[in-house]
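Written out below as structure tokens is the structure these notes cover.
When a ligand or atom number is given, it counts from 1 through the structure's own listing order.
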Amino acid sequence: MNRIRVAIQKSGRLSERSLGLLQNCGLRFARSKDKLYWYGQDFPVDLLLVRDDDIPRILLDGVCDLGIVGQNIALEVMREGEERELEELRNLGFGRCRLSLAVPEKSGISSLADLDGCRIATSYPALTSSLLAERGVRAEMVKLAGSVEIAPGLGIADAISDLVSTGTTLRANHLVEMAVLFESSAALYCRPERVPSKKQALLNRLLARLDGVLQAAESKYVMLHAPRDALEEITLLLPGAEHPSLMDLESDPDRVALHAVCREAVFWEHLEALKGAGASAILVVPVEKMLG
Ligand code: PRP
Ligand code: ZN
């Protein structure tokens with residue numbers, strides 16, 4: 001069938017942003033709360049809502065063409081020795097967290113070397129042991145599916161390797177973050193077997209829309225009035241701007257209106273510098289869509 005199937009997390013840290021991103025690409029789904037399968041209405045892309053940990057397997061088995069999942073989860077499967085490659089098509093930038101080593105507050109473990117020969121509880125044993133091996137540390141992995149943070153207190157591990165986002169979970173369990181092993185964010189992955197050529201055209205269209213949404217998310221449209229003789233300086237002060245448009249101002253021949261798309265974050269400091277260079281009536285507005 002000439003439809004693309006995308007696996008996303010059913011409920012959890014990535015669910016809302018994953019769905020929102022696809023909706024921003026113009027996709028609408030006929031959904032029912034309890035069903036795991038959402039049918040694409042105006043565009044032939046359907047969703048499968050599953051546990052995030054199952055997404056790599058679903059792609060490897062060819063059940064879905066695409067999947068949105070944390071890089072940590074995809075890499076765990078790769079490091080387990082899976083030979084086929086899950087191709088990361090796009091880093092989506094949200095769901096940022098880090099895979100860190102943490103130890104009990106008064107453990108006496110303070111360096112990576114101290115972990116040599118220790119037991120480390122984690123849901124990511126393959127990734128953790130390979131990242132540790134790269135740093136010359138060999139430790140024993142205790143694999144737990146969840147609640148990893150209680151393992152040291154139970155006496156089944158000396159340390160943990162777990163995802164940290166705000167650090168609240170670690171603090172609540174009197175654990176201290178000792179070292180960051182890996183920085184992760186959500187990414188779009190493709191199944192390893194080539195997508196049939198009929199689907200490829202559809203996939204390319206979806207990716208073009210996705211790129212538009214991702215670019216727009218970090219872009220701003222900036223409008224301002226500038227003295228003609230400061231145009232060069234003002235253009236240089238605009239972060240990531242290409243080819244600004246210039247328009248005459250009827251009321252003031254010495255000044256022009258300048259419009260530009262800034263492809264990098266625009267901070268108050270930028271606006272203050274623009275004002276300092278003579279700009280006035282500075283307006284920054286979000287960009288919703290972008291193509292070409
Ligand atoms: C991670 C991790 C911790 C928590 C850390 O779980 O296992 O429990 O998040 O976040 P914090 O630093 O903000 O407290 P995750 O959300 O990935 O859930 P899952 O493992 O059940 O998918
Ligand atoms: Zn999970």
- Task: Apply the test side chain to side chain donor-acceptor pair (under 3.5 Å) to residues E76 and N72: give CA-CA distance (whole Å), side-chain angles for both, the deciding distance (0.1 Å), then the verdict.
- Result: CA-CA 6 Å; E76 174 65 17; N72 54 298; over 6 Å; no
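- Compare T168, L163, L14 by their heavy atoms: the one nearest to atom 9 (O) of ligand 1 is in L163.
- Distance alone, capped at 3.5 Å, is enough to place a donor-acceptor pair between the E82 side chain and the R84 backbone.
- For ligand 1, the polar-atom distance check finds an N/O of R13 within less than 3.5 Å of one of the ligand's N/O atoms.
- Each of the atoms 11 (P), 12 (O), 13 (O), 14 (O) of ligand 1 lies under 4.0 Å from some heavy atom of T166.
- At most 12 non-hydrogen atoms from other residues, nucleotides or ligands lie less than 6.0 angstrom from CD of E288.
- A salt bridge does not link R135 with D116: none of the charged nitrogens is closer than 4.0 Å to a carboxylate oxygen.
- Short contacts between ligand 1 and V164, defined as distances under 4.0 Å to a heavy atom of the residue, involve ligand atoms 12 (O).
- The aromatic rings of F29 and W38 sit tilted relative to each other, their planes meeting at an angle between 30° and 60°.
- Residue Q9 places no N or O, backbone or side chain, under 3.5 Å from any N or O of ligand 1.
- Looking at D52 against ligand 1, only its side chain comes within 4.0 Å, counting heavy atoms.
- Ligand-side atoms of ligand 1 in range of D162: 2 (C), 3 (C), 7 (O), range being under 4.0 angstrom from any heavy atom.
- The one candidate from R194, K199, R3, R5 that meets the salt bridge (Lys or Arg N to Asp or Glu O under 4.0 Å) condition with D65 is K199.
- Polar contact with ligand 1: absent for Y124 (N/O pair, distance under 3.5 Å).
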